[in-house]
Amino acid sequence: MSYSYKIKVTPKGRNILIVRGLVPLDSIDSIKAEDFDAIYIEDYGQSHSELAYQLQGMSSIHGIKTHLKPRFLAATLKPRVHQLKPLVDGFAATPSDEKMGERIEEIYNRLALIDLFEISEVKTNNYVYFLKLCKHAISRGQYTFTTSLEEAYAQGHTALFVAKQDSMISNMKAEFVRFNQTLRELGYAERKKFEERIHVCPHCKGSHLYYMEACPKCDSSRLKEEPVLHHFRCANISPESSYAYDGELRCPKCHQMLRHIGVDYDRPANVYTCQECNHTFLHTRMKVYCASCKKTSRPSELLAQDIYSYEFTTEGLQALSSNDALLAVSKDIWAGYSRFDSFLSQIQLFSYSHDKNEVVLINRFKVEVTEVNRDNIMHFVGDLQKRYHYHNLSYNSHYVYMAAKVQSSRMEELRKQMEEEYGELLKIVELRNFGIKLADQDLLYQFEGEKIEDFIKRISKNH
């Protein structure tokens, strides 16, 4: 597709790049990043899908020349934007629109307070990418977000993080869920209130679900619905099609013609006939088709997911506006020490979002002391954290938990490693005489088909 562009200077001295068509800015040498401050996309009759490609090609998140720069659309494009609206900063009749100019200055005033990442970092770490999204939101004055449903995004979250990816498909769902959890653990965001409870696919956790009626025998949705006729005289009850006779109604049992409803017969209910297996039934079976993974489930198999609203804290805004948050959130959450409630949350999120080829294995054992002294135990846990820094550790009610995730094919290898680690600990405790004793060692993992709630109960239950 042909394209054109030009630069116009506003009264406030801002250079506006005016584009028509699909303009691949990052590959056009004649346009430098410093040549323009904002983008204005003209209306040339482009469709919604073409508009989506335009925004992707000039992304304010991962574009090199367009990074965090304001993007505006011609006002006449507004009816064609639909779910793309969160991806732009506004609409204007012309590039010289006064309100558009005010919005540009507002964004640049916020950007002046934000430290920016080097663009080369974007592709090295998904968490860096998510942090860029946070910076984008802060630069636009967006300090609250929810995990509410967004049209065209299969995971169902969120205007803040997912809608601004400039892509209709995300392959970073698991990392995104963990990132949100990390923001909360670091105190960068706090939960404000409960919004809604939805249900998601048990296979991929997608929320774009289609509910369909199906045959209870063969599960086909190719159904024909028709009334059931009840012939008063002979008490025959069968589908209306069985009464069809030369354009009239005749009882298939006694062959008497039916003339008047309410006198000769009535229609007490509707009946379904499967066009695949010819099974006839009164009540359909519901099935749920996931538009994301293309798998079908029963309504009872769907997973409940609570929707909350969140808000950046003052500490979070300060950390996210600077680069201080980079180190804090980029670390692997499956290493180091976590509070027990956070530990359980991570296990739960892993169950909801992990790759099906991954499992989490937990080595749990009891720490017994001659005198109840939490300080001594926590000192011991601190030593464990240094020695086994590649595990996620937690402590609760005299029990130590060491967790690691691994590919299913290497489950036995990890199991053996954790058994050896426990044996090593027994020897260390005996030699160094910490005044403690280890007991009740157990290896825990989520059984196939086990609900995460039941697994959490097993993890939390003490011997």
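Since the model is a prediction, treat every value here as computed from it, not as a measurement. We're numbering straight along the sequence, starting at 1.
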> Which atoms form the tightest heavy-atom contact between D264 and H231, and what is the distance?
Replying inline: O-CD2, 3.3 Å

> Of all residues at least two apart in sequence or in a different chain, which pass the side chain to side chain contact (heavy atoms under 4.5 Å, CB included) check with K193?
Replying inline: E195, S309

>> Would the distance check show the side chain of Y40 and the main-chain N or O of K8 forming a donor-acceptor pair, the cut-off being under 3.5 Å?
In response: no

> So how far is it from K32 NZ to L25 CG, rounded to the nearest 0.5 Å?
Replying inline: 12.5 Å

> Does the pair C274 and C218 meet the rule for a side chain to side chain contact (heavy atoms under 4.5 Å, CB included), with working shown?
Replying inline: CA-CA 8 Å; C274 178; C218 73; 3.5 Å; yes

>> If the threshold is 4.0 Å, N to carboxylate O, is there a salt bridge linking R298 and E301?
In response: no

>> Looking at Y53, I'd like to know if its OH atom is crowded, meaning that more than 12 non-hydrogen atoms belonging to other residues, nucleotides or ligands lie closer than 6.0 Å.
In response: no

> How long is the gap from OG on S300 to NE2 on H199, to the nearest 0.5 Å?
Replying inline: 10.5 Å

> Y388 vs H391 aromatic rings, parallel, tilted or perpendicular, using cut-offs 30° and 60°?
Replying inline: parallel

> Hey, would you say the H283 and F281 ring centroids sit under 6.0 Å apart?
Replying inline: no

>> Would the distance check show the side chain of Q46 and the main-chain N or O of E42 forming a donor-acceptor pair, the cut-off being under 3.5 Å?
In response: yes

> Near R410 CZ, under 6.0 Å, is it more than 12 heavy atoms from other residues, nucleotides or ligands?
Replying inline: no

>> Could you tell me if the side chain of V406 sits less than 4.5 Å from the side chain of E413, heavy atoms only?
In response: no

>> Working to the nearest 0.5 angstrom, can you tell me the gap between E190 CD and T144 OG1?
In response: 11.5 Å

>> Quick check: do L223 and T284 have side-chain heavy atoms less than 4.5 Å from each other?
In response: yes

>> Checking F194 against K192 for the side chain to side chain contact (heavy atoms under 4.5 Å, CB included) test, could you report, in this order, the C-alpha distance in whole Å, the side-chain angles of both residues, the deciding distance, and whether it holds?
In response: CA-CA 7 Å; F194 173 83; K192 299 303 290 184; over 6 Å; no

>> So L229 and N236, do their side chains get closer than 4.5 Å, heavy atoms only?
In response: no

>> Would Y188 and E315 count as a side chain to side chain contact (heavy atoms under 4.5 Å, CB included) here? Give the steps.
In response: CA-CA 6 Å; Y188 291 171; E315 179 186 355; 4.1 Å; yes

> So which pairs with a foot in residues 284-293 pass salt bridge (charged side-chain N to carboxylate O under 4.0 Å, His left out), sequence neighbours left out?
Replying inline: none

>> According to side-chain hydrogen bond (donor to acceptor under 3.5 Å, both in side chains), does anything in residues 97-108 pair up with another residue at least two apart or in another chain? List the pairs.
In response: R14-E105, R103-E106, E106-R110

>> Check this for me: does any side-chain nitrogen of one of K65 and D35 sit under 4.0 Å from a carboxylate oxygen of the other?
In response: no

>> Working note: N15 + E34, criterion side chain to side chain contact (heavy atoms under 4.5 Å, CB included); need CA distance, chi angles, decisive distance, verdict.
In response: CA-CA 9 Å; N15 293 333; E34 58 270 20; over 6 Å; no

> Between S321 and Q318, is there a donor-acceptor pair closer than 3.5 Å when you use the side chain of the first and the backbone of the second?
Replying inline: no

>> A side-chain contact here means heavy atoms from C-beta on lying under 4.5 Å apart; do M212 and M286 qualify?
In response: no

>> Looking at L320, is its backbone amide N or carbonyl O close enough to the side chain of K135 to form a donor-acceptor pair, meaning the two atoms are under 3.5 Å apart?
In response: yes

> Donor-acceptor pair, K69 side chain versus F36 backbone, under 3.5 Å?
Replying inline: yes

>> For Y210 and Y289, take the angle between the two ring planes, folded into 0 to 90°, and tell me which bin it lands in: parallel under 30, tilted 30 to 60, perpendicular over 60.
In response: tilted

> Is a side-chain N or O of R458 found less than 3.5 angstrom from the main chain of Y445, in a donor-acceptor match?
Replying inline: yes

>> So I41 and L55, do their side chains get closer than 4.5 Å, heavy atoms only?
In response: yes

> Where the side chain of R364 meets the backbone of I459, is there a donor-acceptor pair that is under 3.5 Å apart?
Replying inline: yes

> NZ/K6 to CD1/I16 distance, rounded to the nearest 0.5 angstrom?
Replying inline: 12.5 Å

>> Looking at S241, is its backbone amide N or carbonyl O close enough to the side chain of E226 to form a donor-acceptor pair, meaning the two atoms are under 3.5 Å apart?
In response: yes

> Just checking, is any N or O donor in the side chain of S394 or N392 under 3.5 Å from an acceptor N or O on the other one?
Replying inline: no

> Which pair of heavy atoms, one from A403 and one from V360, lies closest together, and at what distance?
Replying inline: CB-CG2, 4.3 Å

> When you look at R20 and D43, which way does the salt bridge (charged side-chain N to carboxylate O under 4.0 Å, His left out) test go after all the steps?
Replying inline: CA-CA 7 Å; R20 291 178 66 88; D43 183 356; over 6 Å; no

>> A side-chain contact here means heavy atoms from C-beta on lying under 4.5 Å apart; do F455 and I347 qualify?
In response: yes

> In terms of side-chain heavy atoms, does S30 have a donor or acceptor partner in Y5 at a distance below 3.5 Å?
Replying inline: yes

>> So does V81 get a backbone contact from the side chain of H48, meaning a donor-acceptor N/O pair under 3.5 Å?
In response: yes

> What's the shortest heavy-atom distance between L302 and C201, and which atoms?
Replying inline: CD2-CA, 4.3 Å

> With side chains defined as the heavy atoms from C-beta onward, is the minimum distance between N363 and L444 less than 4.5 Å?
Replying inline: no

> How long is the span from the CD atom in Q417 to the CG atom in L361, to the nearest 0.5 Å?
Replying inline: 9.5 Å

> Is the F343 to Y401 ring centre distance short of 6.0 Å?
Replying inline: yes

> For the residue pair D89 and P70, what are the closest heavy atoms and their distance?
Replying inline: OD2-CA, 3.2 Å

>> Keeping T280 on the side-chain end and T273 on the backbone end, is there a donor-acceptor pair under 3.5 Å?
In response: no

>> Between S49 and S47, is there a side-chain donor-acceptor contact under 3.5 Å, judged purely by atom types and distance?
In response: yes

> Below 4.5 Å, heavy atoms only, C-beta onward: do C277 and C215 meet side chain to side chain?
Replying inline: yes

> If every non-hydrogen atom of V23 is compared with every non-hydrogen atom of S4, which pair is closest and at what distance?
Replying inline: CG2-O, 4.0 Å

> When the ring centroid of Y243 is compared with that of Y245, is the distance short of 6.0 Å?
Replying inline: no

>> On a heavy-atom basis, which atom in I18 and which in P95 lie closest, and how many Å separate them?
In response: CD1-CG, 3.5 Å

> So, D306 and R197, do they make that salt bridge, N to O below 4.0 Å?
Replying inline: yes

> Given S60, which of H67, R140, H136 fulfils the side-chain hydrogen bond (donor to acceptor under 3.5 Å, both in side chains) condition?
Replying inline: H136

>> Can you confirm whether K78 is buried at NZ, in the sense that more than 12 heavy atoms of other residues, nucleotides or ligands lie under 6.0 Å from that atom?
In response: no

> Going from CD1 on I107 to CG on D37, what distance comes out if it is rounded to the nearest 0.5 angstrom?
Replying inline: 11.5 Å

